[in-house]
Amino acid sequence: MPTYITTPIYYVNDRPHIGHAYTSLAADVLARWRRLEGGEVFFLTGTDEHGQKVEKAARDAGMDPKEFTDRVSEHFRVLAERMELSNDDFIRTTEERHKRACQALWEELARRGEIYLGHYEGWYAVRDEAFYGPDELTERDGAKYAPTGAPVEWVREPSYFFRLSKWQGWLLRFYEDNPDFIAPQSRRNEVMSFVRAGLQDLSISRTSFAWGVPVPGDPAHVMYVWLDALTNYITAAGYPDEAAERWRFWPADVHFVGKDIVRFHAIYWPAFLQAAGIAPPRRVFAHGWWTIEGQKMSKSLGNAIDPLALIEEFGLDPLRYFLLREVPFGNDGDFARKSLVNRLNGELADGLGNLAQRTLSLIQRNCGGELPGEAGRSEADAGLFDSIDALVASVGKALNAQLFHTALETVFHSVREANGYITQQQPWALKRTDPARMAAVLRHLHTALRAYATVLQPFMPGTMGRMLDQLGVPSEGRGLASLETSLPAGTALPPPVPLFRKIETAA
Ligand code: ME8
């Protein structure tokens with residue numbers, strides 16, 4: 001079955017930071033895993049370029065919005081490249097195909113009587129591009145703020161409305177019937193109680209600025225930026241052309257988002273789609289929030305972390321590993337350099353890297369660089385194989401539930417097991433006393449390393465590719481199914497090169 005995985009499309013009001021890199025990385029790992037399983041995948045990321053917030057950022061930069069969005073969107077495209085994201089497309093909401101899709105969706109909603117013209121009067125936060133009810137606001141020094149801390153302004157203008165209130169009952173049934181639609185569970189409860197409290201019709205057009213998709217037949221209005229933005233997910237699948245080659249990927253399997261935008265994805269989006277007669281997505285996973293060394297990341301504190309600088313300093317794969325290993329996916333987490341260094345040195349360099357280096361150096365030195373043949377398993381090998389034999393199934397189970405940290409814990413638990421095994425079996429000492437057993441132990445370790453490198457490819461594609469090279473695994477046979485075929489005895493292995501560079505720390 002084809003799989004469709006998305007990231008949010010990011011606002012181009014500012015440069016990308018570690019929070020954006022995080023969501024995209026999670027999506028990339030799942031996309032890569034599904035491909036390793038042999039599945040067909042469509043993985044989408046991109047940029048959200050309309051709305052008042054972007055228009056204001058362009059004005060502040062003294063630039064025309066088109067020129068400004070071209071420039072900032074490019075930073076996100078470069079980030080995707082440097083993160084080695086395997087996205088199949090990069091959508092920009094200023095593209096013609098997207099305007100066409102938005103207008104087609106609008107027309108379909110209008111045709112079905114889901115849109116009416118009225119007046120909007122209420123509180124709007126430009127920073128969140130969201131409307132808030134008076135009961136949600138707090139007041140400080142005479143100014144009013146949304147629960148997110150964003151300042152709100154009173155807006156009164158003619159507006160088109162979407163009949164969201166009408167979909168309340170349907171949404172609640174939809175959540176009940178699809179208990180996996182919103183994850184994690186805590187977010188699901190939050191969304192459900194919000195919907196139960198009652199939904200009002202949603203203002204879906206603005207007249208006070210022009211940077212957006214014009215409403216069909218009434219170009220004094222531009223579409224509300226969230227209607228525009230959410231539509232990107234079907235634009236890229238070819239909408240409104242349901243005969244398009246990519247339409248078979250819809251509905252999306254997982255929309256990865258941060259917890260800040262779960263409402264838009266879990267309430268508005270399925271309601272828009274259902275109202276237009278389009279199948280809603282299968283799942284929305286809302287992950288938690290990163291703080292930096294204990295502080296909120298913010299423009300004013302100037303502490304936003306540039307992922308490119310971290311890649312430069314630590315290397316891409318240690319960063320990819322750290323982000324998904326450090327914090328249970330769904331929870332909030334704190335980014336501390338010290339923890340990154342500890343995990344890189346301890347788990348990657350000393351744990352996995354050292355195991356590979358010791359095993360492969362012994363094969364080089366004691367077996368003439370040739371892979372020993374498969375050997376029978378003795379009782380002493382049982383502990384090692386317990387975790388190896390179950391590895392693909394247990395990592396797959398965790399990843400299909402987006403539990404990235406659990407998947408990594410499973411693999412690194414087994415790596416610790418294998419390090420214990422090598423210490424206990426002492427293959428270096430067996431050379432003189434029992435060379436056949438030495439060969440068997442090294443072969444078993446090779447089997448373990450090959451399994452680790454194979455299942456870790458989605459997390460650390462470059463480094464695990466090099467590890468599989470060193471293990472003599474042909475580049476065309478690295479999918480999960482390849483683990484069922486054993487490598488021939490005598491396969492020539494190149495001299496090993498350390499996989500990870502340790503970071504020196506002041507004692
Ligand atoms: O909301 N920790 O775009 P955006 C974790 N354009 N994740 C973070 C983060 C942090 N501190 N900061 C940002 C938008 N993110 C809309 C989306 S989708 C149809 C439209 C991540 O540029 C997280 O995924 O504000 C969050 O949801 C997203 O960036 C917000 O990106």
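Predicted model, so just to flag it, every value in this text is computed and none were measured. Residue numbers run from 1 in the order of the sequence given.
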Derivation and outcome, salt bridge (Lys or Arg N to Asp or Glu O under 4.0 Å), residues Arg246 and Asp241: CA-CA 9 Å; Arg246 279 183 182 165; Asp241 177 10; over 6 Å; no

Going by distance alone, is a donor N or O of one side chain under 3.5 Å from an acceptor N or O of the other, for His50 and Tyr11? no

Would you say the side chain of Thr406 lies within less than 4.5 Å of the side chain of Leu399, judging by non-hydrogen atoms? no

Beyond-backbone contact of Asp28 with Met83, side-chain heavy atoms, under 4.5 angstrom: no

Could you check whether atom CD of Gln426 has more than 12 heavy atoms from other residues, nucleotides or ligands sitting under 6.0 Å from it? yes

Test ring-ring contact (aromatic ring centres under 6.0 Å, His included) on Phe329 and His405 and set out the steps. CA-CA 7 Å; Phe329 201 64; His405 59 291; 8.0 Å; no

Asp469/Arg478 ion pair, N-O < 4.0 Å: yes

May I ask you to say whether Arg100 pairs ionically with Glu95, meaning some side-chain N is under 4.0 Å from a carboxylate O? no

Give me the ring orientation class for Phe272 and Tyr268: parallel if the planes are under 30° apart, tilted from 30 to 60°, perpendicular past 60°. tilted

Take atom NZ in Lys53; do more than 12 heavy atoms of anything else shown fall under 6.0 Å from it? yes

Phe500 versus Met460: any side-chain heavy-atom pair under 4.5 Å? yes

Pair Arg173 + Glu176: basic N to acidic O under 4.0 Å: no

Option among Arg35, Arg248, Arg34 that satisfies the side chain to side chain donor-acceptor pair (under 3.5 Å) test with Glu40: Arg248

Using a strict 4.0 Å threshold on nitrogen-to-oxygen distance, state whether Asp180 and Arg282 make a salt bridge. no

Quick check on Lys66: does its NZ atom have over 12 non-hydrogen neighbours (other residues, nucleotides or ligands) under 6.0 Å away? yes

Do the rings of Phe459 and Phe404 sit parallel, tilted or perpendicular, given the 30° and 60° boundaries? perpendicular

Taking only distance into account, with no hydrogens and no angle test, what donor-acceptor pairs under 3.5 Å do side-chain atoms of residues 359-366 form with protein atoms, sequence neighbours excluded?
unit_1	atom_1	unit_2	atom_2	d
Thr359	OG1	Leu355	O	2.8
Ser361	OG	Gln357	O	2.6
Gln364	NE2	Leu493	O	3.1
Gln364	NE2	Pro494	O	3.3

Go through the side-chain N and O atoms of Ser378 and Asp381 and say whether any donor and acceptor fall under 3.5 Å apart. yes

Without hydrogens or angle criteria, can the side chains of Glu347 and Tyr321 be said to hold a donor-acceptor pair below 3.5 Å? yes

Working note: Ser387 + Glu417, criterion side-chain hydrogen bond (donor to acceptor under 3.5 Å, both in side chains); need CA distance, chi angles, decisive distance, verdict. CA-CA 8 Å; Ser387 62; Glu417 188 90 34; 5.2 Å; no

Could you list the donor-acceptor pairs under 3.5 angstrom formed by side chains in residues 252-260, with sequence neighbours left out?
unit_1	atom_1	unit_2	atom_2	d
Asp253	OD1	Tyr4	N	2.8
His255	ND1	Thr6	OG1	2.7
His255	NE2	Trp269	NE1	3.1
Lys259	NZ	Asp332	OD1	3.0
Lys259	NZ	Asp332	OD2	3.0

With no hydrogens and no angle check, just 3.5 Å: does a side-chain donor-acceptor pair link Thr45 and Asn87? no

Residue pair Thr93 / Asn232, side-chain donor-acceptor N/O under 3.5 Å: no

Are Thr235 and His98 linked by a side-chain donor-acceptor pair shorter than 3.5 Å? yes

